[in-house]
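The figures that follow rest on heavy atoms only: side chains count, while hydrogens, waters and symmetry mates do not. By convention in this document, chain letters (A, B, ...) are assigned in the order of the sequence lines, proteins followed by strands, and residues within each chain are numbered from 1.
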Amino acid sequence: MGGVLFGRRRPPAALLAAAALIAVAAALPAGYLAIVIGREWDVASAAIFDSRTLGLLGRSAGLAGAVTLAATVIAVPLAWLTVRSDLRAKRLWATLATLPLVIPSYIGAYLFASALGPNGRLQDLLEPLGVERLPSLYGFPGALIVLTLFTYPLILIPVRATLRRLDPQLEEAALAMGRSPATVFRTVVAPQLMPAIAGGALLVSLYVLSDFGAVSIMRFDSFTREIYVSYQSGFERTSAAALGAVLVAMMLVLLVVQAKVAGSRTLHRTGPGAQRPPRPVPLGRWRLPALAFSSTVVFVALVLPVGVLVYWATKGLTSGVELGALLGNALNSLAAAGVAAAVAGVVALPIAFLATRFPGPLTRLVERVGYAGYALPGIVVALALVFFGTRVALPLYQTLAMLVFALTMHYLPLAVAPASAALRQVPPRMEEAARGLGRGPLGVFHTVTAPLVRGGILAGVALVFLHAIKELPATLLLAPTGFETLATDIWRQTGFGFYEASAIPALVLLAISALPLYLLSEKGTVTS
Amino acid sequence: MARVARPALACALACGALGVSACGSSGEPGSENEPETEGITLYSGRIAPLIGPVIDEYEAEADRDVQVRFGDSGALAATLLEEGENSPADVFFTQDAGSIGAIDDAGLLEPLPEDVLAKVPERFRADDGTWVGVSARSRIIAYGSGVEVSELPESPLELVEPEWRGRVGWAPTNASLQGYVTALRQVEGEDVAREWLEGMVANDVQVYDSNVPVRDAIASGEIDVGLINHYYVAEAIEQEGPDYPVEIYFPPDDLGSLVNTTAVGVLASSERKDEALDFIRHLLSRPGQEYFAESSKEYALIDGVEPDPSLPPLAEIPAPEVDLSNLDDVQGTIELMQETGAL
């Protein structure tokens, strides 16, 4: 499927140059790892080939696999229910079900530990019934539950977007030819959803691999926890970098798997005429189970953690927590995350365009190199930019520009993935037709392509924003000195157990994040 | 905090998408006209609520600006190592002697003058005079209402006994526990440390990600005792009142009441060493030390500043004589803890 937007099959030099520049920037963390490892190869190889490393790798891979599976099982039915069924208040359900994404995993994990721990709030409530201790959730089950609940929206969002764009005529044709609805879903709908599921699943598994907050609070000994331990107390940068490199290798394997699962099918309409919205499918006797399922997910992943936060916040307010800096911190958060998200939305385009319109080994490399920043723990990305920042960009070091750069590179794949998915669904024939009618390449992009992929791009921008606003390690090390955000405020309060004080900035963070999410579920769609 | 930046929105907009350096490193658009030499930059491993007031006081008194970057002591140490000579930091404040030791080993610290070193007892400063302690904290056994003080052991090493199975909590990723293990290796030998760690793991010690959750787990009854620093409990008692269900106990044997210190030093790459030293003198002044003793319930290190009334005097803690400068083999401790499954 060669693109002809620019009237030839080779990517235009300007596009290639822009994408290459972005890829080089995105490759900085990986480059830093290579430098550190190269300096002390014997130390690095000892860490890589340590007998513990393999075990940890297995544990992390096991957790990532289990979370991804569980998240898919929750997200796909929810996506279908909130797009195609006749469930009432679908948009509200969709927004509520997407909201858990805004809860930073370190907060979510802490809230769960305090609510559902052996002697947590739930046990307090059950005490009169003679329950003295609940079974411990710590370890694998706790990490699995917490990470699933706060990452499944990463699959929900792209699957919903794809479902909304799906051409109902295909299903109707299959139904008309006598296939059962279940067969139609399996043979017609599911294959079209695979790229979205695979893309979301990739993000979930990479998130799990690089997460530190949830595994450390849930006491699950993971690969990333090991990296943090090396940095936090051993200052053993070389072994930490070596382990980071193993994570990057694991990410490469996942990318190949994802590409295989997603396939390279033609996903756009080839027939004439315009697409119309699908008719809602009546739930019938499945209405009650569907409602129960949706409410359980929303209750556990959203109402419960927010409830605990509100409880703490009211406790904090009545005991007179200082609120002075809150507005300034909120604006700082908005500025850093907002600019990073906007930049990511812009720089994702050349990469997504190259990958979808000019697929080939080189363009694949450019697209994949960006994932390194996402697969690595925040502390590694931050130290990479400390390294390069102090050596080649000293005037920019610890400025807001530096922070924005770090956040953009850390989360770039979150913007590239939905933009690519949306581009894949735009029929190149439409672009060709516009070219044939005399529009220039930029004119075609502006009038034909951009309006069609706007939903995908906005989805990416929103995702980057949501992640950037709760990011901690890079913000602490790279922001201008004295620049406080909501996330750093939460961190410093919880660091000494000031939970009441941290609940208020946490709620503000959630409220700010909810806005782009609302836009995402409301407007994140392509109008045809 | 005096140095909390004003909203950066205007700056962000002015900087535009890719940012221009015009916004300067302060993130504070209004500060551009102020002379550059006015202040120092502090990398603080201690969080704002526990150091902010003493900085504010210094800023007001000395009429100087202190810019603070907060972070985990270890992460900031790693940052300083990466920054090398180009570090914007003038002063480094850490929560433990280990992380500042790593910076010292890399030759990044400037030796301190005698008048600064002389303010604190010898055991709370670096052998080579590159850092001084600011406040001291003791390892303790914290215990909840389910335990009588008479049941508590003389030494943390006894917590491997079957009667303590599953009842003990610790935070192995925390620098202060690692400091204890390092001291144990130094004083009682590698084998004793290894045996203890193995015994603790075998005895189902409960693992938490930091000291605060250990304390909270004792309060909620999830565990009965925990190995943490004294001030976590003192803090909670102040917040929650005297009925707070956790108390502290100083075990007399086997370094159980090891006293460690927070530490401060001046970066060799600093161009404002005099101002940096001036700031350190303030931390070691009477008002500075009183702040640490009162607000965080730690022990002051200069003579004549009393600890919180709920605490025994520093001299009465059954603390072993351990050279804190020798506690920098954290890497060896981490390896031992990993081998024994404690980490």
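- Heavy atoms from other residues, nucleotides or ligands lying under 6.0 Å from CD of B:E240 number more than 12.
- Contact annotation: the side chain of A:W491 approaches that of B:I47 to within less than 4.5 Å [non-hydrogen atoms, C-beta and beyond].
- A:T390 contributes atom OG1, which lies 6.0 Å from atom CD of B:E83 (distance to the nearest 0.5 angstrom).
- We find the CG-OH distance between A:L477 and B:Y43 to be 8.0 Å, quoted to the nearest 0.5 Å.
- Counting heavy atoms from C-beta outward, B:Q206 and A:R219 have side chains that approach closer than 4.5 Å.
- Side-chain N or O atoms of B:R69 include none that pairs as donor or acceptor with a backbone N or O of A:F483 at under 3.5 Å.
- Distance CD/A:Q398 to OG1/B:T79: 8.5 Å, rounded to 0.5 Å.
- Atoms CZ and CG, from A:F212 and B:D209 in turn, are 7.0 Å apart once rounded to the nearest 0.5 Å.
- Here CD of B:E335 is found 8.0 Å from OG of A:S239. Values are rounded to the nearest 0.5 Å.
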Could you please spell out the steps behind the side-chain contact (heavy atoms from CB on, under 4.5 Å) verdict for B:T173 and A:R225? CA-CA 9 Å; B:T173 52; A:R225 184 165 172 265; 3.7 Å; yes
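- If you measure heavy-atom distances from A:I379 to chain B, the contacts under 4.5 Å come from the side chain alone.
- If you measure heavy-atom distances from A:L385 to chain B, you find no contacts under 4.5 Å at all.
- Note on B:P172, B:P88, B:G84, B:P213: by heavy-atom pairs under 4.5 Å with chain A, the leading option is B:P88.
- Only one option out of B:V66, B:L42, B:T41 pairs with A:T481 in a side-chain contact (heavy atoms from CB on, under 4.5 Å); it is B:T41.
- B:E82 and A:Y32 share a donor-acceptor pair across their side chains, judged by distance under 3.5 Å alone.
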